[in-house]
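The structure under discussion appears below in the form of structure tokens.
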Amino acid sequence: MKLLVIGSGGREHALVWKLAQSSRVEEIFCAPGNAGISGEVVARSGNPVVLVPTSADDIHGLLEFALRERVDLTVVGPDSPLALGVVDLFQNRGLRIWGPNQKAAQFEASKVFSLEFMSRHGIPTARSGAFEDPDSAVAFILSMGGRCAVKADGLALGKGVVLCSNEREAVGAIKEIMVKKAFGEAGRRLVIQEFLEGVEVSLHALCDGRTALLFPTSQDHKQAFDRDKGPNTGGMGAYSPTPFVSEEEIRSIQRTILEPWVSGCAAEGIDYRGILYPGIMLTKEGPKVLEYNARFGDPETQVYLTRLDNDLVDLVEACLDGTLSDSVLSWAPHVSVCVVLASGGYPGAYSKGKPIDGLTEVGKMDNVKVFHAGTRSEDGRVVTHGGRVLGVTAWGSDLGKARDQAYSAIQRIQFDGMHYRRDIGSKGLNILREKQSKE
Ligand code: AMP
Ligand code: GLY
């Protein structure tokens, strides 16, 4: 089988790495990929993964490539080509492609769409309102007392959410998004939500339009600095499973969040095939949805795929064929931890082209896999080429061991300006310790 993977981040490196292990794959292309992806080899054929210099948003260029190369199956990583309708475009030309179609991808592409869907189907979320003009948005803020989340409706490179602690900040955020148009068209409409308190977890569920198979839980670390300080990022590290979500909470998530979502999609004719990734807040009143993503999380994918035992091609095909109810997800019992190494200045401005040292040495370590994100090859060297540069992923029999292994690998990696969080997994470890001291 010939595969095309769309995207260039750590998520796509993890997808390519896992797909390359499939007994059914002979060739993999990745558009546009990164230096780590081009270093992968397809297990069955021994063929190196080939990078294609087409951007993930150039959906017509991707179609042309897939038709020319007679690609058997395309796997979409990022949100933006999904929102642009890459799945519909490929399907109209008879090509097999994995990911939600444009209508289904609205769960991520429009926060207003998601909010209205949740309200129609009784899915628990924050008290929220959707607004098309700044005056009514401001009136809603005043009615809520100022502490809230102000969200641009559309895709805004992960930056469209402003967490506000008072009215002044919230009014400022509304102005920034609706009047100054900081996120362009994405901010034409707004969602304002009550600020939810609690522990945040990432859910992933594989869907074939009728069945949704829930993954174990994971936790991302969105803020740039330790103890959740600093600006929001795409994600600075993750681990799975989380030791603090009880079986009862999982059942409650299935019953109150996943099942009404599946039946809501069926009732509304939304044929969702791919990964649904809801961000969840575990609040005192139970789990509530913060937002939906219509794709794998980054860096959640890196921790999930280093635990998944199934052949990923089988699962992808089961989604497309509507046979997921016959599949059973199988997870290695170990804990995986991914720590993101970022460029100096990220998530603000940063420079590129810094040589990265230590990758060969870390490549020899046990239970460690370095997934590349913003990297490229330049004159035979791997250099930085993005904000999030590497996702150092390690696994072990418990969270402490997996984390120690990840941080010990990081000690051997170096590039100018490199920064990372030292506390990935700390929340999980603290909750575990508290639990153990009570027992
Ligand atoms: P989103 O892009 O909607 O996931 O928002 C980015 C981050 O902002 C989330 O991961 C949460 O940490 C935080 N967030 C979003 N909505 C809320 C909310 N209603 N209450 C508290 N935190 C929120
Ligand atoms: N982990 C954050 C995201 O993928 O959006």
Side-chain angles (χ1 to χ4, degrees), residues 7 9-12 14-15 77-80 82-83 107-115 118 124-130 140-141 144-165 169-170 173 177 183 186-187 190-204 215 217-224 228-240 275-285 287-304 338-340 342 347 371 373 387-388 391 421 424 427:
R11 165 185 49 217
E12 286 75 23
L15 285 168
D79 49 14
S80 157
L82 293 171
F107 278 105
E108 177 159 11
S110 168
K111 293 194 193 285
V112 174
F113 171 88
S114 284
L115 178 63
M118 286 190 277
T125 183
R127 188 161 79 86
S128 316
F140 186 70
I141 295 273
M144 291 219 308
R147 188 158 159 72
C148 64
V150 178
K151 305 184 173 190
D153 174 48
L155 296 180
L157 299 169
K159 293 181 182 160
V161 174
V162 188
L163 300 178
C164 308
S165 37
E169 283 176 19
I177 297 174
F183 308 116
L190 275 184
V191 165
I192 297 174
Q193 290 188 329
E194 130 202 44
F195 194 97
L196 292 180
E197 308 283 352
V199 180
E200 198 176 334
V201 290
S202 298
L203 295 185
H204 281 60
F215 284 16
T217 51
S218 64
Q219 188 173 47
D220 188 12
H221 297 66
K222 294 251 168 86
Q223 292 83 1
D228 293 343
K229 300 274 188 274
N232 232 0
T233 69
M236 294 298 285
Y239 64 95
S240 170
I275 283 275
L276 180 77
Y277 154 24
I280 301 283
M281 193 69 94
L282 301 173
T283 73
K284 286 202 187 101
E285 294 103 57
K288 293 188 180 179
V289 175
L290 287 174
E291 56 151 6
Y292 288 108
N293 300 291
R295 50 163 176 92
F296 268 108
D298 189 340
E300 288 90 336
T301 310
Q302 292 84 318
V303 293
Y304 281 135
C338 173
V339 180
V340 170
F371 292 113
R388 291 189 293 176
R421 281 182 59 158
I424 302 304
K427 259 184 256 171

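Note that this is a predicted model, so its numbers are computed, not measured. Just so you know, ligand 1 is whichever comes first in the structure, and atom 1 is the first atom listed for that ligand.
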(message) Can a side-chain donor-acceptor contact be found between Y304 and S218 if the only test is distance below 3.5 angstrom?
(response) yes

(request) Mind listing the closest non-hydrogen atom pair of C338 and P299 along with its distance? (result) SG-CB, 3.9 Å

(request) Heavy-atom contacts with D220 under 4.0 Å: which atoms of ligand 2 show up? List them by number with element. (result) 1 (N), 2 (C)

(request) Check for a donor-acceptor pair, side chain of H204 on one end and backbone N or O of I275 on the other, with a separation under 3.5 Å. (result) no

(request) Give the atoms of ligand 2, by number and element, whose distance to some non-hydrogen atom of E300 is under 4.0 Å. (result) 1 (N)

(request) Taking all non-hydrogen atoms of both residues into account, name the closest pair between V303 and A238 and its distance. (result) CG1-O, 3.5 Å

(request) Pull out every atom of ligand 2 sitting under 4.0 Å from any heavy atom of R295, numbered as shown with elements. (result) 3 (C), 4 (O), 5 (O)

(message) Can you confirm, on distance only, whether ligand 2 has an N/O atom lying under 3.5 Å from any N/O atom belonging to R11?
(response) no

(request) Any atoms of ligand 2 less than 4.0 Å from a non-hydrogen atom of K222? List them with their elements. (result) 2 (C)

Mind listing the N or O contacts between ligand 1 and protein, cut-off under 3.5 Å?
residue: ligand 1; atom: 2 (O); partner: E291; partner atom: OE1; Å: 3.1
residue: ligand 1; atom: 3 (O); partner: K151; partner atom: NZ; Å: 3.1
residue: ligand 1; atom: 3 (O); partner: E291; partner atom: OE1; Å: 3.2
residue: ligand 1; atom: 4 (O); partner: E291; partner atom: OE1; Å: 3.0
residue: ligand 1; atom: 4 (O); partner: E291; partner atom: OE2; Å: 2.6
residue: ligand 1; atom: 10 (O); partner: E200; partner atom: OE2; Å: 2.5
residue: ligand 1; atom: 10 (O); partner: K222; partner atom: NZ; Å: 2.7
residue: ligand 1; atom: 12 (O); partner: E200; partner atom: OE1; Å: 2.5
residue: ligand 1; atom: 12 (O); partner: E200; partner atom: OE2; Å: 3.4
residue: ligand 1; atom: 16 (N); partner: K151; partner atom: NZ; Å: 3.0
residue: ligand 1; atom: 19 (N); partner: Q193; partner atom: OE1; Å: 2.9
residue: ligand 1; atom: 19 (N); partner: E194; partner atom: O; Å: 3.0
residue: ligand 1; atom: 20 (N); partner: L196; partner atom: N; Å: 2.8

(message) Between T283 (side chain only) and E197 (backbone N and O only), is there a donor and an acceptor less than 3.5 Å apart?
(response) no

(request) Tell me which one of T301, N232, D298 gets a heavy atom nearest to atom 4 (O) of ligand 2. (result) D298

(request) Would you confirm whether R295, through its side chain, and E108, through its main-chain N or O, come within 3.5 Å as a donor-acceptor pair? (result) no

(message) Using only atom types and a distance under 3.5 Å, with no angle test, would you say the side chain of S202 pairs donor to acceptor with the backbone of G279?
(response) no

(request) Provide the closest heavy-atom pair for E200 versus K222 in the form atom of the first, atom of the second, distance. (result) OE2-NZ, 3.7 Å

(request) May I ask whether G297 places a heavy atom under 4.0 Å from ligand 2? (result) yes

(request) Please step through side-chain contact (heavy atoms from CB on, under 4.5 Å) for the pair F296 and F215, ending with a clear verdict. (result) CA-CA 11 Å; F296 268 108; F215 284 16; 3.8 Å; yes

(message) Show me which atoms of ligand 2 lie under 4.0 Å from any heavy atom of G234.
(response) 1 (N), 2 (C), 3 (C)

(request) Using a 4.0 Å heavy-atom cut-off, say whether E291 meets ligand 2 through its side chain, its backbone, both or neither. (result) neither

(request) Give a yes or no on whether the backbone of Q223 and the side-chain of R421 come within a donor-acceptor separation of less than 3.5 Å. (result) yes

